Q: 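What follows is a single structure, and I will ask about it in a moment.
Being a predicted model, the structure only gives us computed values, none of them experimental.
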Amino acid sequence: MKIAIIHDELMRRGGAEQVVLSFHKAFPKAPIFTMAYNKDATYEEFKKCNIVTSWFNKLVSGEKWMKRLYFPLGYWAMKQLDVKDYDIVLMSTTYCAKYVNISPGTLIITYCHCPFRLAWYPQSYSEYQNSKGLKRIIFDQVINMLRKIDFNYAQRTNHYIANTHFIASEIKEKYNLALPVEVNNPPVKCSDFKISDCLGDYYLVVSRLEYYKKTDLVIEAFNELGLPLIIVGKGSKANELNKMAKQNIHFKSGLTKQQLSILYSECKALIFPQHEDYGITPLEANASGRPVIAYGIGGVIETMIPFDGTNEKECTAVFFKSQTKSDLINAIKKSQLINFNQGFIRKHAEKFDEDLFTNRVKSFVLSKYNEIK
């Protein structure tokens, strides 16, 4: 049985890249095909993997130019990436892994983190929201083209796996699928995190600094509150967000795994203000015994246990209802009155541990392959 793993690109650190590492753990001999790879920009563990890139990798060295040149160059490169002569192709994708050149008859299993965001949810990008006139017309034409391409290639998949029940329903709706969609929540590597007896006075954000991540909302709230806040991450909005922040807010990036683990374990709470398809950072905070203050929509509904006024010792998060400064501030103040149970929060995170995820993926792939042998 020959199996190949495909991922959109390896140019960043995030939950999707952690899923790929879990795929590799399940099938360690499988090569990983991807549009572009920067060994210094993503997880160090990939250095031990057999990574095969498209010719697009020669054009870009970072995420910024990868995004700028993706259409049409990255799209063409993925169409020409040869992943033939494999019995099984296991994809991890939101946008371009599905375009690769695959032999007829290959079993295709797709772990879809979200339907292609630019094609199906363009309003989540500030560039689209702020476009007008001719620029908006061109944007819409490109988006319509990408949506048609994405839809057509999505039909090649034999079996879909989604990260949440919400995304499973989105996959079925956007791709007009009749087949069932398996749900397997992405993993948190609990062994990388620990509970600390020494808590700091700061709150924490761990996020890519992009428009839809809503880090600006957190900065507005903490500018008013004056409480210490640490923001960990990189992104296209980094300079803009730095200019917004007062002196109680500090930015960090390029941290080691151990440094990030310490920040998680000693924070008062992780702030998670965005509507995320899943969101691995809330579970990383929970694995450190720390609660989450989250916008109560999307993936956190399936991974967090919100405080309801009666479950102080058996909750992992405080939700706020709208993405407004006042709602976030009220949630922060509410969290300060709760005596969270670190042990319970950690045990909750262990239900999403990597080993459980890896075993489920491996079992699903092998069972589907055995059905057609």
Q: Is there a donor-acceptor contact under 3.5 Å linking the side chains of H7 and E17?
A: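 Looking only at side-chain atoms, E17 and H7 do form a donor-acceptor pair, the distance falling under 3.5 Å.
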
Q: Quick one: is the NZ or CZ of R346 closer than 6.0 Å to the six-membered ring centre of F193, and within 45° of its axis?
A: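 No - R346 does not lie over the ring of F193 by the 6.0 Å and 45° rule.
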
Q: Go through the steps for K214 and Y295 under the test side-chain contact (heavy atoms from CB on, under 4.5 Å), then give the verdict.
A: CA-CA 10 Å; K214 295 295 182 182; Y295 177 43; over 6 Å; no

Q: Output yes when D216 and K237 qualify as a salt bridge under the 4.0 Å nitrogen-oxygen rule, no when they do not.
A: no

Q: Donor-acceptor pair, R156 side chain versus I108 backbone, under 3.5 Å?
A: no

Q: Checking Y153 side chain against K148 main chain: does a donor-acceptor pair fall under 3.5 Å?
A: no

Q: How many angstroms lie between CZ in R208 and CZ in R12, if you round to the nearest 0.5 Å?
A: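 Here the rounded value is 4.5 Å.
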
Q: Would you name the heavy atoms of Y212 and E276 that are closest together and state the gap between them?
A: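 Closest approach of Y212 to E276: CE1-OE2, 3.7 Å.
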
Q: Using atom types as modelled and distance alone, determine if a side-chain donor or acceptor of D308 lies under 3.5 Å from a backbone N or O of N311.
A: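 Present.
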
Q: Do any N or O atoms from the side chain of D327 and from the backbone of Q323 form a donor-acceptor pair under 3.5 angstrom?
A: no

Q: Quick one: which of E44, E45, E284 gives a salt bridge (charged side-chain N to carboxylate O under 4.0 Å, His left out) with K257?
A: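 Going through the options one by one, the only one that passes is E45.
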
Q: In terms of hydrophobic clustering (I, L, V, M, F, W, Y; side-chain heavy atoms under 4.5 Å; direct or indirect links), are F320 and F222 co-clustered?
A: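 The answer is yes; both residues are in one hydrophobic cluster.
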
Q: Would F319 and V292 count as a side-chain contact (heavy atoms from CB on, under 4.5 Å) here? Give the steps.
A: CA-CA 8 Å; F319 285 172; V292 178; over 6 Å; no

Q: Look at atom NZ of K25 and say whether more than 12 heavy atoms of other residues, nucleotides or ligands are closer to it than 6.0 Å.
A: yes

Q: Are F71 and L118 connected in the hydrophobic side-chain network, where two residues link if heavy atoms are under 4.5 Å apart?
A: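 Linked, F71 and L118 end up in one cluster.
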
Q: Do F116 and L69 land in one hydrophobic cluster if side-chain heavy atoms of ILVMFWY residues count as linked below 4.5 Å?
A: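 Yes; tracing contacts between hydrophobic side chains, which count when under 4.5 Å, links both residues.
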
Q: Closer than 4.0 angstrom, basic N to acidic O: yes or no for E63 and K67?
A: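 A salt bridge links E63 with K67.
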
Q: Atom NZ of residue position K234 - does it have more than 12 heavy atoms of other residues, nucleotides or ligands inside 6.0 Å?
A: no

Q: Whether the side chain of E9 engages the backbone of N38 through a donor-acceptor N/O pair (distance < 3.5 Å, no angle test) should be reported.
A: no

Q: Which value, rounded to the nearest 0.5 Å, describes the distance between K132 atom NZ and I137 atom CD1?
A: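 With rounding to 0.5 Å, NZ (K132) is 14.0 Å from CD1 (I137).
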
Q: Out of Y95, Y99, F56, which one pairs with Y75 under the ring pair (Phe, Tyr, Trp, His ring centres under 6.0 Å) rule?
A: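 Among Y95, Y99, F56, the one meeting ring pair (Phe, Tyr, Trp, His ring centres under 6.0 Å) with Y75 is Y99.
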
Q: Ring of Y125, cation from R117 - is the NZ or CZ under 6.0 Å from the centre and inside 45° of the axis?
A: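 Judged by the rule (NZ or CZ under 6.0 Å from the ring centre, within 45° of its axis), R117 is not positioned above Y125.
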
Q: Just wondering, are more than 12 heavy atoms of other shown residues or ligands nearer than 6.0 Å to NZ in K47?
A: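 Correct, the count exceeds 12.
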
Q: Distance to the ring centre below 6.0 angstrom and angle to the axis at most 45 degrees; does that hold for K2 and Y86?
A: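 Checked: cation-pi criterion met.
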
Q: Could you tell me if Q18 and Y43 have a donor-acceptor pair between their side chains, going purely by distance under 3.5 Å?
A: yes

Q: Do H159 and T110 get their side chains close enough for a donor-acceptor pair, meaning under 3.5 Å?
A: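 There is no such pair (donor and acceptor under 3.5 Å, judged by atom type) between the side chains of H159 and T110.
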
Q: For the residue pair E210 and S236, confirm or rule out a side-chain donor-acceptor distance under 3.5 Å.
A: yes

Q: K194 versus Y264: any side-chain heavy-atom pair under 4.5 Å?
A: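 Sidechains of Y264 and K194: no contact.
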
Q: Donor-acceptor check, side chain of T42 to backbone of K39, threshold 3.5 angstrom: yes or no?
A: no

Q: Can T93 and H113 be said to form a side-chain contact (heavy atoms from CB on, under 4.5 Å), step by step?
A: CA-CA 6 Å; T93 187; H113 304 276; 5.6 Å; no

Q: Is a donor on one side and an acceptor on the other found under 3.5 Å between the side chain of S103 and the backbone of K84?
A: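 Judged by distance alone, no pair lies under 3.5 Å.
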
Q: Working to the nearest 0.5 Å, report the span between CG of L225 and OH of Y203.
A: 8.5 Å

Q: Do you know which two heavy atoms are closest between A331 and V318, and how far apart they sit?
A: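 A331 and V318 have their closest heavy atoms at O-CG1, 3.8 Å.
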
Q: Is there side-chain contact between I249 and I231, with at least one heavy-atom pair below 4.5 Å?
A: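 Yes; the side chains approach each other to less than 4.5 Å.
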
Q: Any side-chain heavy atom of T34 within less than 4.5 Å of one from D8?
A: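 No - every pair of side-chain heavy atoms lies 4.5 Å or more apart.
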
Q: So that I can tick it off, tell me whether E371 and K368 are bridged by a salt bridge, with the cut-off set at under 4.0 angstrom between side-chain N and carboxylate O.
A: yes

Q: How many angstroms lie between atom CE of M1 and atom CG of N370, to the nearest 0.5 angstrom?
A: 8.5 Å

Q: Kindly indicate whether the side chain of Y128, heavy atoms from C-beta on, has any atom under 4.5 Å from the side chain of R136.
A: yes

Q: Would you check, one step at a time, whether the test side-chain contact (heavy atoms from CB on, under 4.5 Å) holds for I88 with T106?
A: CA-CA 6 Å; I88 303 171; T106 298; 5.7 Å; no

Q: Report yes or no: do L255 and L229 belong to one cluster of Ile/Leu/Val/Met/Phe/Trp/Tyr joined by side chain heavy-atom distances under 4.5 Å?
A: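 As far as the 4.5 Å side-chain criterion goes, L229 and L255 are not connected within one cluster.
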
Q: Can you check whether T303's main-chain N or O pairs, donor with acceptor, with H348's side chain at less than 3.5 Å?
A: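 Confirmed, H348 side chain pairs with T303 backbone.
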
Q: Using side-chain heavy atoms (C-beta onward) and a distance below 4.5 Å, is F272 in contact with I293?
A: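 A side-chain contact under 4.5 Å is absent here.
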
Q: Quick one, E182 with R360, criterion salt bridge (Lys or Arg N to Asp or Glu O under 4.0 Å). Give me CA distance, side-chain angles, the key distance, then yes/no.
A: CA-CA 11 Å; E182 181 83 359; R360 286 194 295 265; over 6 Å; no

Q: Decide ring pair (Phe, Tyr, Trp, His ring centres under 6.0 Å) for F357 and F352; before the verdict, give the C-alpha distance in whole Å, the side-chain angles of both, and the deciding distance to 0.1 Å.
A: CA-CA 7 Å; F357 173 84; F352 300 86; over 10 Å; no

Q: With no hydrogens and no angle check, do the side chains of D150 and Y175 hold a donor and an acceptor under 3.5 Å apart?
A: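 Distance-only check passes for D150 and Y175.
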
Q: Take atom NZ of K347 as the centre, draw a 6.0 Å sphere, and report whether it contains more than 12 heavy atoms from other residues, nucleotides or ligands.
A: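 Counting neighbours around NZ of K347, 12 or fewer heavy atoms of other residues, nucleotides or ligands fall under 6.0 Å, so no.
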
Q: Quick check: are there more than 12 heavy atoms from other residues, nucleotides or ligands sitting under 6.0 Å from CD of Q258?
A: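 Counting neighbours around CD of Q258, 12 or fewer heavy atoms of other residues, nucleotides or ligands fall under 6.0 Å, so no.
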
Q: Less than 4.5 Å apart, side chain to side chain, heavy atoms only: is that true for T164 and D277?
A: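 SC-SC contact between T164 and D277 ruled out.
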
Q: Nearest 0.5 Å, please: how far is CZ in F139 from CD in E127?
A: 6.0 Å

Q: State the CE-CZ distance between M91 and F23, to the nearest 0.5 angstrom.
A: 11.5 Å

Q: Using a 4.5 Å cut-off on heavy atoms from C-beta on, say whether the side chain of L90 contacts that of I6.
A: no

Q: Is any side-chain heavy atom of L283 closer than 4.5 Å to one of Y278?
A: yes

Q: Mark yes or no for whether S288, through its side chain, and R290, through its backbone, hold a donor-acceptor pair below 3.5 Å.
A: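 Here the side-chain-to-backbone pair does not exist.
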
Q: Decide if atom CH2 of W55 counts as having more than 12 heavy atoms of other residues, nucleotides or ligands within a radius under 6.0 Å.
A: yes

Q: I'd like to know if the side chain of Y121 pairs up with that of E170 as donor and acceptor (distance under 3.5 Å, no hydrogens or angles considered).
A: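 E170 and Y121 do have a side-chain donor-acceptor pair below 3.5 Å.
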
Q: Looking at every heavy atom in both N286 and M304, which two are closest together, and how far apart are they?
A: OD1-CE, 3.0 Å

Q: Indicate if F46 and M35 have the same hydrophobic cluster label, given that clusters are the connected sets of ILVMFWY residues with side-chain heavy-atom separations under 4.5 angstrom.
A: no

Q: Are there more than 12 heavy atoms of other residues, nucleotides or ligands under 6.0 Å from atom NZ of K313?
A: yes

Q: Do any N or O atoms from the side chain of Y111 and from the backbone of N184 form a donor-acceptor pair under 3.5 angstrom?
A: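 Yes; at least one donor-acceptor contact below 3.5 Å.
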
